[in-house]
Amino acid sequence: MGQSVSLIHCADIHMGSPFKSLGLGNYSSDRRIDIKKTFGNIINLALERNVDYLLISGDLYEHDYAGRALIGWINEKLSRLGDKICVLIPGNHDPYTEDSWYRNYSWAPNVRILSSKNPEFRDARTSCYFYGMGFDAYRQEVLSITKEAEIFPEFINICLFHGTVDMPFSQQPYNPVDSDWLLKMGFDYYALGHFHKYDDSLSDKGIINPGSPEPLGFDEQGEHGVFFVRLSKNEGQVVREYERIVLQQRKYHDIDFDVSGISDSIQLKSALLEALNKKASKSDLVRINLTGRLKSGFYTDLKETGQSLAGEYYFVNIKDSTKPDYNLTELAMEKNITGVFIRMMQDRIESSPESERQLLMKALYLGIEALLTGSVEI
Ligand SMILES: [Mn+2]
């Protein structure tokens, strides 16, 4: 007779994060509310899917910014799970220090905190064994283990781990281990946390890092969410089923936009809007990097363009990496190879059909760049 359990695996929620970097009006408080919404949605998901467990693999909150009110809010949400058990480990942002809320708060009875002193939880109801390897301090270069893991063949064995797996050790002094070492311990599932980008490249071996469910900045682009996991065991053989569920409130995007061929502000704005609409939704945060050469005589106030777009998206920032245009009239009069080249190309452009002109213009500019600087940037 086999057994089966289901769970939601998340990590790196970073409740209370200060979101200091953008310096934008309500940005920090808006984003903290977003994290709360996402966490609320994780709880709802656990209830809807009727899972046995919610696993939180470290960095549930940021200790430096989390006060009693926020901890109370988190605890109230977790208590809504009722008899579904939340198993969690402290990460490097919410370590198991003397003043940790994990030691100094009376958590709901369905919350199990696995610390280095007390790293195990055995649940006879479902025949599940949990073992946690988290953080006792903000920095931890070797694992803090006081009791070795046990593996119960007749149980489903789950390891929660916060730290770096398969990275150059000297650069990542946060619980560095390699995946072979983890796998040798013999767990059926490894619930990882620490890296905010999700990684399921070792999912066939039962190792998953779900990433942050709500991204924390422009270095966390793409989709973010949690994993729904079902583990079944029959005669010692484990079967794992995964589903990734995207839950974030907002996305961060970096968009490069080439201004070549654009001749006025109105055209620029509508072209930018078209590019944004393809990638972003109105609630997203977007950084646009303008490249290419602005046509001579085209003056545009990029700050103004940015502001008019900001009204349509949650956050838009425009960076101007364009280069000034060449003064073709002046350069064409020069009695040197550059002058000859420009006059020749201009004649060719004039006698060419409209459809070929843009390409020839590009060739003209690349040619000028090569002649003037000795190299071409493409
Ligand atoms: Mn984290």
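Throughout, numbering of the chain's residues begins at 1 and tracks the sequence. Just follow the structure's listing: the first ligand is 1, and inside any ligand the first atom is 1.
Note on ring orientation: taking the six-membered ring where Trp is involved, the planes of His14 and His196 are perpendicular (angle over 60°, cut-offs 30° and 60°). Between Tyr105 and Trp107, the ring planes are perpendicular. Angles over 60° get that label, and only those under 30° would be called parallel.
Between Asp188 and Lys233, at least one side-chain N (NZ, or NE/NH1/NH2) sits under 4.0 Å from a carboxylate O, which counts as a salt bridge.
Its N, O or S atom nearest to the Mn ion (ligand 1) is what matters here, and for Asp12 that atom is OD1. The atom of Asp59 that is an N, O or S and sits closest to the Mn ion (ligand 1) is OD2.
Side-chain atoms of Thr291 and Asp256 include no donor-acceptor pair closer than 3.5 Å.
At a cut-off of 2.8 Å, His194 is not counted among the residues with an N, O or S atom near the Mn ion (ligand 1). One of the N, O or S atoms belonging to His14 lies under 2.8 Å away from the Mn ion (ligand 1).
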